[in-house]
Amino acid sequence: MARKPHRQIVALGGSPAIKIGAPSPMADLYYWVMEMSWPVFGLLVAFLFLAVNIVFGLIYAAMPGQVVNAAPHSLLDGFFFSVDTLGTVGYGVMAPATHAAHAVASVEILTGLFFSATMTGFIFARLARPRESLAFSRVAVIGRYEGKRALMVRVASIRSRPLPDAQAQMSFLETRRLPDGRTFRSLEPVPLMRDRNPMLGLSWTLVHLMEDDSPILASLAGQEDFMLIVSIGGVDTLLASPSQGGNRYDRDHVIVDHEFVDIISNTDGVVRLDMTRLHDTVPIEG
């Protein structure tokens with residue numbers, strides 16, 4: 001019986017997509033472990049810890065009289081002796097009594113060194129991996145910018161330190177019907193009025209000025225799939241590591257003839273950013 005192709009879920013700015021026939025996660029164990037959530041990672045570590053100790057516990061239980069103070073054929077004593085050995089605790093209550101038991105304990109100690117080093121490396125890598133430091137508006141708007149029609153997306157920094165030399169990119173999925181009837185899809189770059197920000201500390205509104213014959217407007221009005229993708233990258237000055245973020249907007253997430261509400265105010269010389277209204281829009285008057 002043929003095996004079903006593996007299905008892989010890909011998050012495109014919060015909207016899922018599915019790859020069919022992608023390699024199994026087991027083909028890239030490091031990425032698989034890095035991708036899983038902390039609760040699942042904790043359960044995986046606990047499972048491996050129990051599995052290793054149960055295996056060695058069974059071996060010790062099958063060696064009656066070769067571990068001091070261990071009851072003959074006792075899986076429980078063998079398990080706890082394995083835990084002590086794997087963790088190199090050595091309470092002294094139970095100890096190997098023969099060369100055979102010492103050999104098994106030596107193999108387990110070596111296994112414990114690899115296990116501890118691997119788990120420590122994974123924990124450090126998970127804690128040190130880059131995190132998204134940007135919040136994107138849930139919607140994009142088509143409104144007015146300096147008297148011209150414009151497509152706008154708003155983004156705000158969620159960290160206390162600014163993101164220097166932030167660079168933004170915007171693309172939209174253009175779908176065309178070829179003369180032979182096939183469908184051709186391509187991500188086309190969308191030029192921004194300003195695609196670099198020397199110091200992103202509060203918020204940034206990405207603006208694309210639109211002509212009346214804009215392909216984005218035509219795509220929005222059509223029946224084909226519509227997708228707008230926005231990404232921003234920079235370097236975190238505190239962690240000295242890359243910081244990036246992105247979002248995807250479908251047709252339902254693009255609001256026409258609206259504008260974002262103002263979320264920055266200055267009171268008594270203090271600039272305030274109200275992130276609770278990051279996604280709020282109002283209709284254009286007139």
Spatial distance of atom [atom1] ([X]) from atom [atom2] ([Y]) [nearest 0.5 Å]:
{"X": "Leu192", "Y": "Met170", "atom1": "CG", "atom2": "CE", "result": "5.0 Å"}
{"X": "Leu217", "Y": "Leu151", "atom1": "CG", "atom2": "CG", "result": "8.5 Å"}
{"X": "Leu86", "Y": "Phe56", "atom1": "CG", "atom2": "CZ", "result": "7.5 Å"}
{"X": "Arg248", "Y": "Phe136", "atom1": "CZ", "atom2": "CZ", "result": "15.0 Å"}
{"X": "Leu278", "Y": "Leu273", "atom1": "CG", "atom2": "CG", "result": "7.5 Å"}
{"X": "Phe172", "Y": "Ile229", "atom1": "CZ", "atom2": "CD1", "result": "11.5 Å"}

Pairing residues for [X] by the side-chain contact (heavy atoms from CB on, under 4.5 Å) criterion, not counting sequence neighbours:
{"X": "Leu110", "answer": "Phe114"}
{"X": "Asp165", "answer": "Gln167, Arg196"}
{"X": "Leu113", "answer": "none"}

Which pairs count as side chain to side chain donor-acceptor pair (under 3.5 Å) when at least one residue sits in [range], sequence neighbours excluded?
{"range": "residues 206-219", "value": "none"}
{"range": "residues 115-128", "value": "none"}
{"range": "residues 138-163", "value": "Arg138-His279, Arg159-Asp236"}
{"range": "residues 86-100", "value": "Gln66-Thr98"}

Identify each donor-acceptor pair in which a side-chain atom of residues 255-264 lies under 3.5 Å from a protein atom, sequence neighbours left out, and give them as a table.
unit_1	atom_1	unit_2	atom_2	d
His258	ND1	Val256	O	3.1
Asp262	OD1	Ile264	N	3.2

Nearest non-hydrogen partners of [X] and [Y], listed with the distance:
{"X": "Ala135", "Y": "Met275", "value": "CB-CE, 4.0 Å"}
{"X": "Ser74", "Y": "Ala61", "value": "O-CB, 3.8 Å"}
{"X": "Met94", "Y": "Ala70", "value": "SD-CB, 3.8 Å"}
{"X": "Ala97", "Y": "Val68", "value": "CB-CG2, 3.6 Å"}

Go through the structure and list residues passing ring-ring contact (aromatic ring centres under 6.0 Å, His included) with Tyr30, not counting sequence neighbours.
-> Phe122
Residues which pass ring-ring contact (aromatic ring centres under 6.0 Å, His included) with Phe81, listed by chain and number, not counting sequence neighbours | Tyr60
Does one hydrophobic cluster hold both [X] and [Y], with members joined at side-chain heavy-atom distances below 4.5 Å?
{"X": "Leu228", "Y": "Ile142", "value": "yes"}
{"X": "Leu43", "Y": "Phe49", "value": "no"}
{"X": "Leu48", "Y": "Ile59", "value": "yes"}
{"X": "Ile232", "Y": "Val235", "value": "no"}
{"X": "Val83", "Y": "Val107", "value": "yes"}

CZ (Arg194) with more than 12 external heavy atoms under 6.0 Å = yes
Non-hydrogen side-chain atoms of Leu220 and Arg251 separated by less than 4.5 Å = yes
What's the verdict on side chain to side chain contact (heavy atoms under 4.5 Å, CB included) for Trp204 and Leu134, showing C-alpha distance, side-chain angles and the deciding distance?
-> CA-CA 10 Å; Trp204 185 12; Leu134 302 169; over 6 Å; no
Donor-acceptor pair, side chain of [X] and main chain of [Y], under 3.5 angstrom:
{"X": "Asn197", "Y": "Ala166", "answer": "no"}
{"X": "Ser186", "Y": "Glu188", "answer": "no"}
{"X": "Ser82", "Y": "Gly78", "answer": "no"}

Output, in order, the C-alpha distance, side-chain angles, deciding distance and verdict of side chain to side chain contact (heavy atoms under 4.5 Å, CB included) for Tyr249 and Ser137.
-> CA-CA 10 Å; Tyr249 301 90; Ser137 57; 3.6 Å; yes
Qualifying salt bridge (Lys or Arg N to Asp or Glu O under 4.0 Å) pairs, either residue in residues 267-281, two or more places apart = Arg277-Asp280
Contacts satisfying salt bridge (Lys or Arg N to Asp or Glu O under 4.0 Å) that involve residues 68-87 (not counting sequence neighbours) are none
Determine, stepwise, if the pair Ile216 / Val254 fulfils side chain to side chain contact (heavy atoms under 4.5 Å, CB included).
-> CA-CA 11 Å; Ile216 297 179; Val254 179; over 6 Å; no
Could you check Phe80 against Val93 for side chain to side chain contact (heavy atoms under 4.5 Å, CB included), going step by step and ending with a plain yes or no?
-> CA-CA 11 Å; Phe80 285 122; Val93 177; over 6 Å; no
